[in-house]
Structures are given as C-alpha cells and as structure tokens.
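Worksheet for the structure shown next.
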Amino acid sequence: MLWLLFFLVTAIHAELCQPGAENAFKVRLSIRTALGDKAYAWDTNEEYLFKAMVAFSMRKVPNREATEISHVLLCNVTQRVSFWFVVTDPSKNHTLPAVEVQSAIRTNKNRINNAFFLNDQTLEFLKIPSTLAPPMDPSVPIWIIIFGVIFCIVIVAITLLILSGIWQRRRKNKEPSEVDDAEDKCENMITIENGIPSDPLDMKGGHINDAFMTEDERLTPL
Amino acid sequence: MEKARPLWANPLQFVFACISYAVGLGNVWRFPYLCQMYGGGSFLVPYIIMLIVEGMPLLYLELAVGQRMRQGSIGAWRTISPYLSGVGVASVVVSFFLSMYYNVINAWAFWYLFHSFQDPLPWSVCPLNGNHTGYDEECEKASSTQYFWYRKTLNISPSLQENGGVQWEPALCLLLAWLVVYLCILRGTESTGKVVYFTASLPYCVLIIYLVRGLTLHGATNGLMYMFTPKIEQLANPKAWINAATQIFFSLGLGFGSLIAFASYNEPSNNCQKHAIIVSLINSFTSIFASIVTFSIYGFKATFNYENCLKKVSLLLTNTFDLEDGFLTASNLEQVKGYLASAYPSKYSEMFPHIKNCSLESELDTAVQGTGLAFIVYTEAIKNMEVSQLWSVLYFFMLLMLGIGSMLGNTAAILTPLTDSKIISSHLPKEAISGLVCLVNCAIGMVFTMEAGNYWFDIFNDYAATLSLLLIVLVETIGVCYVYGLRRFESDLKAMTGRAVSWYWKVMWAGVSPLLIVSLFVFYLSDYILTGTLKYQAWDASQGQLVTKDYPAYALAVIGLLVASSTMCIPLAALGTFVRRCLKRGDAAPVA
C-alpha cells in the first residue's frame, strides 16, 4: 500500500517536473568554465542548496511565504550540468505560475549567483533574462575633466607667449633711443679680458703697461 | 634696413622639423595596409626602388629650391619664373585644404585620449539597452569598438545628405586641437623649432615600447609570419609599383610647400643634400618599423578572435548536446564534431547553420587602412591587453604627436608666404596672422564635426590633394629643369653650398622623375574616368556595417571644385602674368 502511494507521489512529481512542462525552467551551470581548477562537483548536496535558494526566492514573494524546500522539484540532471525545475504549491498538485517564479528569480539572481560562486554567464536560467548591471555613470564624465585641465593649460601658455611677445616688441621700440647714448659711452668703457682690466689703446698717451715689470722688481733682492 | 629672416637655431631643428612633418599618420595607417595587400615582404622591393628613384631626388629638389630662394612657396616660384607663381599659389591652396581636414584627426585622437582614463575602457563594453535586459542593438550587430567610433565619437548619419547638427563634443576637441597648433606656431621658427624636438622623437619612443609589447603578445608571430612572407608574384602586378610610387610621393609631403618653407629658414650654406637623404631614409624606415608593430598587433587580435570563435562554437555544441562542461577543447573539437554529426544527425543538422567556421587566415586577411585601422582595429587589440588604459594613452598620445607634427608643416606652408608678403606683414604682427589662419580653419573645420562630417572628411581626404599634388610637383620639376635651367640651378647650388651636384640628381630631375609623375597622373585620371560615378561607404546603423552609396550631385560638384581650385591656379597665374607683360609692353611702346 505504502509502495503504491510512493509510486503515485513520484509519478505525480514526475509529471509536474518534465523537460518542457508547463511552468518548468531549464537551468544550465558552467562550473568548470567559471572556477577552473577550483571547480566543485555537482552532487545532491549542491542540488539541495539550489532548491533552498529557489525556495528562499519564492518566500520573498507576497502570498508565497510558506514555500518549503520540498516544494522545489528537480529533474533530468545531465552531465553538462543542466536540469529542469518547477516550484509546486503547498498541496503539491499544481505548479506555481511561471511569471511569479521568473520575477522572484530575477530579483534574487545576485544572491543565487554568489551562493554558487558563479555569475550571469555561467549560471543561466533559460527563459529568465537577467537584469544586467548598468555601468557606473559619474555625474561629470571623466573626459570633460581632463579636457578642461588641458584646455586651461593651453590657454594660459598662449596668453603668456603673446604677452611676452608684445613686451619684447615694446622693449625693442625703446632701444633706438638708447643706442646713441651707448656710442658715447663706448670710449669710456673698460673692456674686461680674462678678468684683467685692460684699457683700450687710444685712451691716454704714454700708458704704463703693467704686464712688464720694472727692472728693480724683476731681480729678487739679495 | 631689412629685418633679418628668422633662422633655425641649429641644423638639427631643421632635420627634426622635416622628419616631424614627413613622418605622419600615413606611415602608421597606410603603409601596413599596402604591405599586406601587395605581397608582404616583397612590397619592400618596389618601395625602396621608388624611394631611390623618386623620393630622394624630389625631396632634394624642394629643399634646394627653398634654401636657395629663401622665401615661401609663392615668392620662391615667382623668383624662378614669374609665369610659375601659380605653382606657389596652388601649393598654398592645397595646404589650406589639408590643414582644414587634417586637424579633425587630431581632434579624434584627443577624444580617444581623454576617454582612455576610464576603467573599463568605454569601447570595450557595449552599453545596455532600454530595459537593461541586454545590450544595445546596434552594438550587438557591429562590435563595441565600431559602435564607439561610429555612434559615440562621430554620431554618424546614414548618408551624406542628412547633415545633422554640429556635435559639441568633437567640436570642443577640434577647438582644443587648433589651440594646441596655434600654441606651437605662435612664434614662428622660434617656437616651432623647440616643439619639433618632441613631435619628432616621442613617437619613436612609443613605437619602441609598442614593439617590445607587441612582439611579446600571444599570437603576434602569427601576424608577422603571415604578413611578411613574400608573395613574389605580386611584383608583376603593376598596381604594386604604382602604389609604392604613390605612397613614397605622399608620405614625404612633396608639393605642399611645407618643405620649401622649412628650407627657407636655413643658412644658405646648409648641406641640404645630406639632409634630404637622411629625412627620406628615416621616413621609410619608420614606415617599415610601424608596420612590424602593426602586424604583431594584427596577429594578436586575429589569434584572440579566432580563439574566441572556437570557444563560442564549443559552447554551442556543449549546450545543444548537454556535453560535460570543459570537455571540448580546441584540439578535440573537430573529432567531437565528426562524432556528433554521425551519432545525432538530425540534431546536428538543425544547429549546423549556427556554427561559424573559425579560421585564423580569414581573421588575418581583414585588411584595413585609414581611420578604421587607427580607431577601430587598434582599439580592439588594445582593449584585450592587460593594463589597457596605459597602452591606450600611449597609443593616442603617439597619434597626436604624429598628427601635430604634420600640422606644423602644413601651417608653415600657409604662413610663410603670408609673412613673407610685405603687404600683410606690415599691417599685422606674426601672432595675429597665425591666429587668423587658425581661426578660419577651425571655423570651416566645424563642418567635419556634424553628423555627416565623416563623409565630407572622406571626400577631402581622397580628392583634395591627390591629383593636384601630382600636377604641382610635375610643374615644379619641369619648371626648375627647363624654365629656370638645370645648369643655372646647379651653379646656384654650387655657389650656395660649395658642393657640386652629382650627375645622378641631374638625371633624375630632368628625366626619370617627371616621367614617373606623368605615368602616375595618367593612371589616376584613367582610374577616375573608368570608375564612372564615385561612391562612398556609409554606415548603416540597422545592419551594423558599411554600405556603398553614390555621391549626390552637389558632393560631386564640391569634389570638382576642390580639384579645380588648386590646379587652375597654375594656368591662370601664368595667363595673368602674360597679360600683364603684354599690357606693360603696350604702355612702353608709345613712349619709345
């Protein structure tokens, strides 16, 4: 009698969870792609965790807080690893509508991914598109900041060059009036060569040439 | 008393200025393409022959003319013969067109440079669509780098007719690019001479860094071997020789008047023969060097895409047949495919159309040139490297240096005749003339920042300079050799530099080079005529690829105007001088 009941229950379960059944979803995991050497084997314990995560997601839906792990049915587990699952209601006769399951999984996809160390590409729920994370959008785009910095530097450099050009030209305009004064000073200028001041030749007649020592000083005194 | 002509502070500045001008974007994005299309390693044979036969003689001629006449292009050609003053005017007009559109490339380089400081790089990921369930449609159909180029940078319209408005982001970058150019040419040779130290040498630093990085990338040797394996049969293809000649010609920047302008600031005793040989050799060496870097990057990109393709096929097979994850590898893929085809024939044939045939050769075969290579292919390779922000910044900085170096030459070609002319330089100081030229160019350049701007850019790029330059240089060579007199020019050079001109140069100037240019000219003309209506590539957002369209009538009119406005200067100026001489003779006669 008990065996008959058991077969009946598994038969009903088998009907509820089938590839392509109503309200059933296919799940595909790529553990080796995601984790490489650290990949774990997919066994019944991992399946239990999966059922727990699905039940957890369903419990967050209003009116479905009573969902238990035993309400989640898995079937057709392949080597891939892929399988189908359905979520039944407490009576275990009907499956919950696909729309509810879909929205529950979508809301908690991140938690489910983290539980298995996977991401949206390696843990796929076919027919449940995941919400992609929007890229970080800073309030001021970075490129404008850098553009502004370089723009200001270039404007300052141009202004400096133009101003120094105008200043140089004004200085050159003043120079012709100074050139005449300089010519008078030329004769009185002492040219310095090798640090020794030497006077120009046409200065004074009969100039003592300091390079030649006097007779007295050349010979050291006895 | 006449103001002394500004000079380069030392001959090294002159050489660097010529190198900075000649080594430009064409060395990086046109030569590797030609090398790939026309036989890999064997393309070097026509290239070097054309360098010796055409490049060096014409470069030496232009430098010698500039150094001898000590004036910009208009004054120099007027001195050679009053009937040839149109050549100088044509040079200035062509340089004006070139500077209008060339600086837009610098603006794009700035745009990409500023965007390289983000993590992740904006062209490495597709943006999300409206409800965040997937990626943007256009981006999915094309690739993320193409999307960033066509949609985010250009915001391109589907055809030339739809103008769109001026996009403020590229317009800002163009403004910045012109400000930077103005900063460099503000003080004439004084400022240009110092800037060219950087613009000539920094690109080589970056190229060396990229060479080392490129050669150590996974799959680089695939690219190098594929590209450099010589295909000897291409030597018999006349197009290879024609393209080699064209590449040498345009790569050295002959005919724009920039080389004449640079040489006019030289000491008369400068040994311009030595400098001509050095500059042309360095230019060609840089092309070959850049193509080694480009091919190793190609190899990396092709290998990466090939391995990605294999991964996708493996994933498809794994998912369809529920095989164990990680079972399929690159080595056993074919075996397993065969097994599956025999074991599950119906299922296999169902999904067979979705399997792409992954081939390394077809990935390597994609030959790209121009802006497509620089902004799409290279960025695609860079986004897959580690520390991609650093490589991206280095690369676009190098592009900027190359572009600004060429812009300095272009603007020198326009400014030197203007500052030489007594009328203009007596009223306005040098800074104001430069500022006006930059302002006018920037204002017209805003056309290229509109949504259809890239199509106008292609028009200018393809037609503004090509035919006109060939004609200008042909008239230059014939003018110097036959109108001025080769013997007279030779004795001028001997008196100026103290060295005799070798027979080789004389033979090239008088005979070989003009013949070469005439044949190039004939080839181009016949090519244009045979092609019939001119077509252009337009970006189709719905398909995510380029489609070919016909130019509308007014675009063809603009093309004709571009070519005519520069080439017509030569006969018109000659006619004008002739008429003026006749009138003068008519006035003189009654007096006698």
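Each chain gets a letter, A, B and so on, in the order the sequences are listed, and its residues count up from 1. Since we're looking at a predicted model, the values are computed, not measured.
Residue R111(A) qualifies as open at atom CZ: its count of foreign heavy atoms under 6.0 Å is 12 or below. Within a 6.0 Å sphere centred on CD of E140(B), heavy atoms belonging to other residues, nucleotides or ligands number more than 12. Under a cut-off of 6.0 angstrom, the local environment of NZ in K109(A) is crowded, with over 12 non-hydrogen atoms contributed by other residues, nucleotides or ligands. Heavy-atom neighbours of Q335(B) CD from other residues, nucleotides or ligands within 6.0 Å: at or below the threshold of 12. Few gaps surround CZ on F56(A); more than 12 heavy atoms of other groups in view lie less than 6.0 Å from it. Heavy-atom contacts from other residues, nucleotides or ligands closer than 6.0 Å to OH of Y348(B) number more than 12. Around atom NZ of K141(B), more than 12 heavy atoms belonging to other residues, nucleotides or ligands sit under 6.0 Å away. Crowding of Y197(B) atom OH: a count of heavy atoms from other residues, nucleotides or ligands under 6.0 Å exceeding 12.
Contact of I166(A) with chain B is not made at all, since no heavy-atom distance falls under 4.5 Å. There is no contact between T122(A) and chain B, counting heavy-atom distances below 4.5 Å.
Summarising the geometry, atom CD1 belonging to I162(A) is positioned 4.0 Å from atom OH belonging to Y182(B); distances are rounded to the nearest 0.5 Å. Annotation: the span from H115(B) atom NE2 to I142(A) atom CD1 amounts to 9.0 Å, rounded to 0.5 Å.
The side-chain heavy atoms of R80(A) and N319(B), taken from C-beta on, include a pair separated by under 4.5 Å. R169(A) is listed as a side-chain neighbour of P429(B), based on a closest heavy-atom distance under 4.5 Å. Here the side chains of I145(A) and F114(B) are not in contact, with every heavy-atom distance at 4.5 Å or above. Proximity of L113(B) to F147(A): side-chain heavy atoms (C-beta onward) are nowhere separated by under 4.5 Å. At least one side-chain heavy atom of E169(B) sits under 4.5 Å from a side-chain heavy atom of W143(A).
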Distance-only check: which donor-acceptor pairs under 3.5 Å involve side-chain atoms of residues 434-441 of chain B, not counting sequence neighbours?
unit_1: S434(B); atom_1: OG; unit_2: K430(B); atom_2: O; d: 2.8
unit_1: N441(B); atom_1: ND2; unit_2: S99(B); atom_2: OG; d: 3.4
unit_1: N441(B); atom_1: ND2; unit_2: V437(B); atom_2: O; d: 3.4

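Among I150(A), I158(A), I153(A), T78(A), the residue making the largest number of heavy-atom pairs under 4.5 Å with chain B is I158(A). Interface remark: of the candidates Y135(B), F321(B), F117(B), F110(B), F117(B) forms the most heavy-atom pairs closer than 4.5 Å to chain A. Listed options V154(A), V81(A), I144(A) were ranked by heavy-atom pairs under 4.5 angstrom with chain B; first place goes to V154(A).
What you find for L161(A) and L186(B) is that their closest heavy atoms are CB-CD2, 3.3 Å.
Looking at T318(B) and R28(A), their side chains never bring a donor and an acceptor atom within 3.5 Å of each other.
Taking 4.5 Å as the heavy-atom cut-off, the residues of residues 30-37 of chain A that approach chain B are S30(A), I31(A), R32(A), T33(A), ordered by number.
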